Amino acid sequence: MKLPGQEEFEVSSACENVPTGELENGPGSCPSPDGTSDTDRGDQGIPTDPLLFIQLNELLGWPQALEWRETGRWVLFEEKLEVGAGRWSVPHVPTLALPSLQKLRSLLAEGLVLLDCPAQSFLELVEQVTRVESLSPELRGQLQALLLQRPQHLIQPTGTRPCQGSAHPGEASHNEEAPLKEQRQNPLRRKLPQGAEAGAVLAGELGFLVRPLGAFVRLRDPVVLGPLTEVPLPSRFFCLLLGPSTLGRGYHEMGRAMAVLLSDRQFQWSVRRASSLHDLLAALDAFLEEVTVLPPGRWDPTARIAPPKCLPSQHKRLLSQLREVKGPSAQHGALAEDRHGHWPHVPSPELQWTGRLFGGLVQDVRRKALWYTSDFLDALHPQCFSAVLYIYLATITNAITFGGLLGEATDGAQGVLESFLGTAVAGAAFCLLAGQPLTILSSTGPVLVFERLLFSFSRDYSLDYLPFRLWVGIWVATFCLALVATEASVLVRYFTRFTEEGFCALISLIFIYDAVGKMLSLTSAYPIQSPGSPAYGCLCQYPDLGGNESQWKETEPKDRDDISSMDLGLVNASLLPPPECARRGGHPRGPGCHIVPDIAFFSVLLFLTSFLIATALKHVKTSRFFPSVVRKVLGDFSSVLAMLLGCGLDSFLGLATPKLMVPSEFKALECFQPVVHAHVLLPPTTQGLGTGPTLPGRGWLVSPFGANPWWLSVAAALPALLLSILIFMDQQITAVILNRAEYKLRKGAGFHLDLFCVAVLLLLTSVLGLPWYVSATVISLAHMDSLRRESTACVLGEPRSFLGIREQRLTGLVVFILTGASIFLAPVLKFIPMPVLYGIFLYMGVAAISSIQFTKRVQLLLMPAKHQPDLLLLRHVPLSRVHLFTAIQLACLGLLWIIKSTPAAIIFPLMLLGLVGVRKALEWVFSPQELLWLDELMPEKERNIPEKGLEPEYSLSGDTEDVSCRMGPLRRRGQEWGRPS
């Protein structure tokens with residue numbers, strides 16, 4: 001006997017049951033931009049088994065009209081069919097009743113289990129499953145016909161109305177390929193990664209069965225089972241759960257329980273490798289041991305639990321399984337991995353001591369040479385275009401800002417043109433040759449402070465500044481080359497998070513302080529006019545008929561409503577605007593005639609708008625608004641869009657806000673020449689500061705001595721020693737921050753090679769009289785952030801996973817080439833308002849400082865204990881100890897800021913080095929266990945503490961979630977911050 005729809009199923013199955021190998025263009029894939037699957041299955045210790053799509057088909061309609069209907073589907077989370085609404089529910093965490101799991105176990109223990117079944121079609125599979133002794137030939141035939149009946153799916157192809165598989169099975173005989181066509185139109189197919197497999201669970205009540213029938217099948221070779229599943233994926237697992245009518249929805253819940261089991265990756269791993277029924281039941285028992293029970297009456301069973309923003313790592317469960325499979329031999333590695341959250345830490349090859357002269361440099365060159373070609377090919381992506389625009393505008397703004405400040409500090413010996421030229425030459429050379437090309441070279445605040453002190457010393461003792469500076473640069477390059485030769489860069493292993501955060505917070509605060517300070521300085525260039533102020537008011541004065549200007553005369557206005565022609569006690573005086581006054585032959589008179597009172601307020605508006613828009617658009621990427629493609633574009637181009645919006649708003653209103661001014665030609669101009677713009681005399685600090693690029697009379701090559709005595713070339717070694725410490729600390733701390741493990745860089749770092757390039761460029765810029773350049777922490781972090789690669793969230797309900805950084809050399813190279821070409825782009829760049837760029841500076845500073853753990857711990861100081869987030873850090877370290885550690889960091893940061901801002905700034909390099917000493921002294925204040933959570937251990941401590949000493953005595957059961965889920969992405973050396981490593 002054949003039920004309706006059986007013939008169509010058999011015909012379609014015959015032509016659709018294709019082996020996996022023939023499905024090369026089968027399921028839609030969602031690879032990441034670099035070809036990596038969007039589903040992050042690369043966690044340490046998690047096997048790379050194919051992703052499994054599970055579908056629950058339920059038998060409905062007994063006893064009138066039996067039909068199979070898809071009622072649920074799983075990948076990571078559950079989606080239920082909402083029949084009334086004709087749609088799928090939002091993905092949610094599945095909840096099960098404990099009896100359903102227990103009944104499922106009993107049914108599987110007594111049922112049929114086929115592992116590595118050789119069936120190549122659904123018909124063969126059905127024949128295998130129904131070969132049980134408890135079924136008579138007649139019942140076996142009825143059951144086979146029922147199983148071969150085509151199920152109904154809720155499929156909604158893009159651009160068409162919802163259609164359900166075959167609402168009337170008898171009508172489908174006119175189009176036997178319809179199920180396959182509907183399956184291929186399913187949008188879900190494009191959201192599953194390539195290589196995904198399917199698992200089908202069939203459950204329901206069947207009146208003609210006297211006893212329950214259970215079967216679990218693992219196919220040896222996965223095949224597409226026709227229209228059994230809504231997506232034409234090769235099926236690996238098949239489960240059948242049927243039985244006589246019972247009270248409640250027993251078989252429906254057992255089917256859900258089976259589907260939830262298959263959606264668990266640990267259970268999948270065990271079942272894929274199971275060799276007997278005992279292994280299958282052992283995997284189910286292991287799942288039951290980890291089940292969390294919610295007491296009745298304490299929650300709503302109908303409530304749907306939203307998926308977590310960050311899924312916990314599965315490595316501990318896997319290692320537990322490996323210990324059972326491999327026995328005691330895996331015990332040591334398992335303990336180490338279980339403690340660290342990753343595999344035991346191995347020092348990175350970049351920081352291993354070779355013991356040979358320039359050995360580290362040679363290793364860096366060999367390592368990076370292998371990636372040199374891909375460093376250019378990997379840049380062929382639209383995201384790099386956004387990064388170029390963003391970092392280019394940040395770089396030229398930084399060049400103008402520091403060029404102007406340097407011009408002030410050196411009385412014009414260096415200016416904006418030197419800043420542009422040096423940035424272009426040094427930056428482009430570094431991107432071509434350095435070990436970490438994502439680094440952006442720039443003038444930095446600490447180096448600028450040293451330049452100011454060096455010039456002041458030269459002026460006070462009547463020395464030629466540039467020749468003296470040349471010898472300082474030669475000595476600094478010599479010292480840095482000596483550090484490269486002796487592999488001193490391996491000492492960056494002593495730069496723990498304490499040192500990194502102190503330096504990063506200082507540089508970020510400098511960005512924020514400078515951005516806000518420059519906005520406040522606009523009030524002096526554009527005074528805020530208020531009634532009654534001395535500078536308030538402007539009148540248009542006309543000459544009398546005899547050519548003489550009008551005199552004061554006491555009269556009353558003829559028409560009080562005609563404000564534009566009010567006499568105001570003057571003959572032929574009016575309140576016409578200055579341009580209209582001049583057009584009518586009058587003369588503007590008054591202190592406020594050439595001042596636009598709206599400029600200061602509107603500049604602040606542009607400043608805040610650009611900052612807030614950039615921040616808001618960056619957060620759109622993780623919001624629920626708009627399709628994923630739109631969110632990604634808005635997030636990647638957030639800064640560029642914010643700048644374009646600010647420029648458009650400024651152009652629409654037509655106010656004379658201060659604009660970006662760049663040098664227009666390579667020639668010596670008078671420095672600090674005031675710029676007249678829109679009837680407003682702008683001070684050099686707000687526009688065009690130092691646009692005179694070169695000091696009159698000096699050439700591009702600096703004389704080695706000038707008027708200085710010969711012995712000064714030797715004495716320059718003393719300040720050079722301090723500057724060398726500053727360069728080393730500034731460069732290497734930034735390099736350590738950029739090469740953190742959480743950025744998932746594949747091509748490695750190049751600490752020795754980077755320092756070598758900086759040393760050579762220091763020598764070059766000293767000879768040419770250009771500013772000194774070193775890695776800029778904030779702009780480099782912004783560069784990295786603009787090149788983040790994230791999954792496209794292919795799996796429904798799965799949060800976006802961070803895939804790494806788009807590592808290449810082209811974006812930085814193009815940025816610095818454009819910086820040099822900006823001399824010729826002045827007609828275009830002059831339309832960019834400076835307040836907009838200050839807002840982007842503020843955004844970069846805030847983004848950098850908000851990404852470090854230090855900021856989050858400072859926030860804890862202001863939170864009552866009951867409102868503090870449930871951080872793993874707070875579970876294992878007393879709150880008072882956390883506050884003490886934060887207070888010490890705040891004190892160090894304040895001390896660094898004070899020293900930087902006073903004449904004592906000459907010892908600033910030593911204070912940066914002192915951060916490492918302070919961190920070493922903290923070992924007398926905090927225990928190693930506390931430092932594991934608050935910071936990191938020094939290298940010798942990692943070696944000296946015994947294996948059991950790192951066992952977290954504070955570890956609690958259930959404390960298995962990743963710290964990145966709780967406290968953010970700041971990790972280092974394979975460690976998630978806030979967690980022992």
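Small disclaimer: the values here were computed from a predicted structure and weren't measured. Here, residue 1 is the first one in the sequence, and each next residue gets the next number.
Between Trp74 and Phe53 the shortest side-chain heavy-atom distance does not fall below 4.5 Å. Between Leu219 and Phe237, the closest side-chain pair of non-hydrogen atoms is not below 4.5 Å. Within the 4.5 Å cutoff, the side chain of Asp264 has no heavy atoms near those of the Val260 side chain. Within the 4.5 Å cutoff, the side chain of Pro151 has no heavy atoms near those of the Glu70 side chain. Residues Leu59 and Leu66 meet the side-chain proximity criterion, which asks for heavy atoms closer than 4.5 Å. Contact annotation: the side chain of His92 approaches that of Lys80 to within less than 4.5 Å [non-hydrogen atoms, C-beta and beyond]. Residues Phe238 and Leu228 form a side-chain contact, since some pair of their non-hydrogen atoms from C-beta on lies under 4.5 Å apart. In this structure, the side chains of Thr71 and Glu58 come closer than 4.5 Å at one or more pairs of heavy atoms.
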Salt bridge (Lys or Arg N to Asp or Glu O under 4.0 Å) between Arg273 and Asp49, intermediate numbers included: CA-CA 11 Å; Arg273 292 154 181 80; Asp49 290 330; 3.1 Å; yes
Full working for salt bridge (Lys or Arg N to Asp or Glu O under 4.0 Å) between Arg272 and Glu197: CA-CA 12 Å; Arg272 287 178 184 274; Glu197 298 177 348; 3.1 Å; yes
Pair Val271-Phe216, side chain to side chain contact (heavy atoms under 4.5 Å, CB included): steps then yes or no: CA-CA 11 Å; Val271 172; Phe216 180 85; 3.5 Å; yes
Side chain to side chain contact (heavy atoms under 4.5 Å, CB included) evaluation trace for Phe802 with Lys744: CA-CA 9 Å; Phe802 173 65; Lys744 300 183 179 180; 4.1 Å; yes
Verdict with reasoning, Leu98 to Leu288, per side chain to side chain contact (heavy atoms under 4.5 Å, CB included): CA-CA 9 Å; Leu98 197 57; Leu288 284 172; 4.2 Å; yes
Gln128 vs Val217, side chain to side chain contact (heavy atoms under 4.5 Å, CB included): CA-CA, chis, key distance, verdict: CA-CA 9 Å; Gln128 294 276 352; Val217 179; over 6 Å; no
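A donor-acceptor contact shorter than 3.5 Å is absent between the side chain of Arg236 and the backbone of Ala198. In terms of modelled atom types and a separation under 3.5 Å, the side chain of Gln149 and the main chain of Gln144 share no donor-acceptor contact. Formation of a donor-acceptor pair under 3.5 Å by the Thr229 side chain with backbone atoms of Leu225 is not found in this model. Looking only at distances, no side-chain donor or acceptor of Glu230 sits under 3.5 Å from a matching main-chain atom of His153. Of the possible donor and acceptor atoms, none in the side chain of Lys103 sits under 3.5 Å from a partner among the backbone N and O of Met254.
When all heavy atoms of Ala274 and Leu115 are compared, the pair lying nearest together is O-CD1, 3.7 Å. Closest of all the heavy-atom pairs between Met258 and Phe267 is CE-CE2, 4.0 Å. Trp88 and Glu79 get closest at one heavy-atom pair: CZ3-O, 3.5 Å. When every heavy atom of Leu280 is checked against every heavy atom of Leu108, the shortest pair comes out as CD2-CD1, 4.5 Å. Taking both residues in full, the closest heavy atoms of Leu209 and Gly243 are given as CD1-N, 4.0 Å, listed atom of the first, atom of the second, then distance. When all heavy atoms of Pro50 and Gly195 are compared, the closest pair comes out as CB-O, 3.2 Å.
The structure places SG of Cys239 at 12.0 Å from CG of Asn57, a figure rounded to the nearest 0.5 Å. Taken to the nearest 0.5 Å, the CG atom of Leu125 stands 9.5 Å off from the CG atom of Leu148. Here Gln102 contributes atom CD and Ser106 contributes atom OG; the two are 8.0 Å apart, rounded to the nearest 0.5 Å. Separation of atoms OG (Ser263) and CG (Leu76) is listed at 8.0 Å; rounding is to 0.5 Å. One finds the CZ atom of Arg265 at 14.0 Å from the OG atom of Ser270 (value rounded to the nearest 0.5 Å). We find the OG-CD distance between Ser245 and Glu205 to be 4.5 Å, quoted to the nearest 0.5 Å.
Annotation: side-chain contact (heavy atoms from CB on, under 4.5 Å) contacts of Arg105 (sequence neighbours excluded): Leu281, Leu284, Asp285. Taking Arg256 as the reference, Glu78, Glu253 meet the salt bridge (charged side-chain N to carboxylate O under 4.0 Å, His left out) condition, with sequence neighbours excluded. In this structure Leu143 satisfies the side-chain contact (heavy atoms from CB on, under 4.5 Å) test together with Thr130, Leu135, Leu147, Leu206, Leu213, Leu242, sequence neighbours excluded. In this structure, Ser100 has no side chain to side chain donor-acceptor pair (under 3.5 Å) partners at least two apart in sequence or on a different chain. By the salt bridge (charged side-chain N to carboxylate O under 4.0 Å, His left out) test, Arg218 is found to be paired with Asp116, residues two or more places apart in sequence or in another chain being considered. Taking Pro212 as the reference, Leu107, Pro244, Tyr251 meet the side-chain contact (heavy atoms from CB on, under 4.5 Å) condition, with sequence neighbours excluded. Shown here are the salt bridge (charged side-chain N to carboxylate O under 4.0 Å, His left out) partners of Glu82, two or more places apart in sequence or in another chain: Arg87, Arg304. Among residues two or more places apart in sequence or in another chain, the side-chain contact (heavy atoms from CB on, under 4.5 Å) test is passed with Ser276 by His278, Asp279. A search for salt bridge (charged side-chain N to carboxylate O under 4.0 Å, His left out) contacts involving Arg220 returns nothing, not counting sequence neighbours.
Within the cation-pi definition used here (under 6.0 Å to the ring centroid, within 45° of the axis), Arg150 does not qualify as a partner of Trp68.
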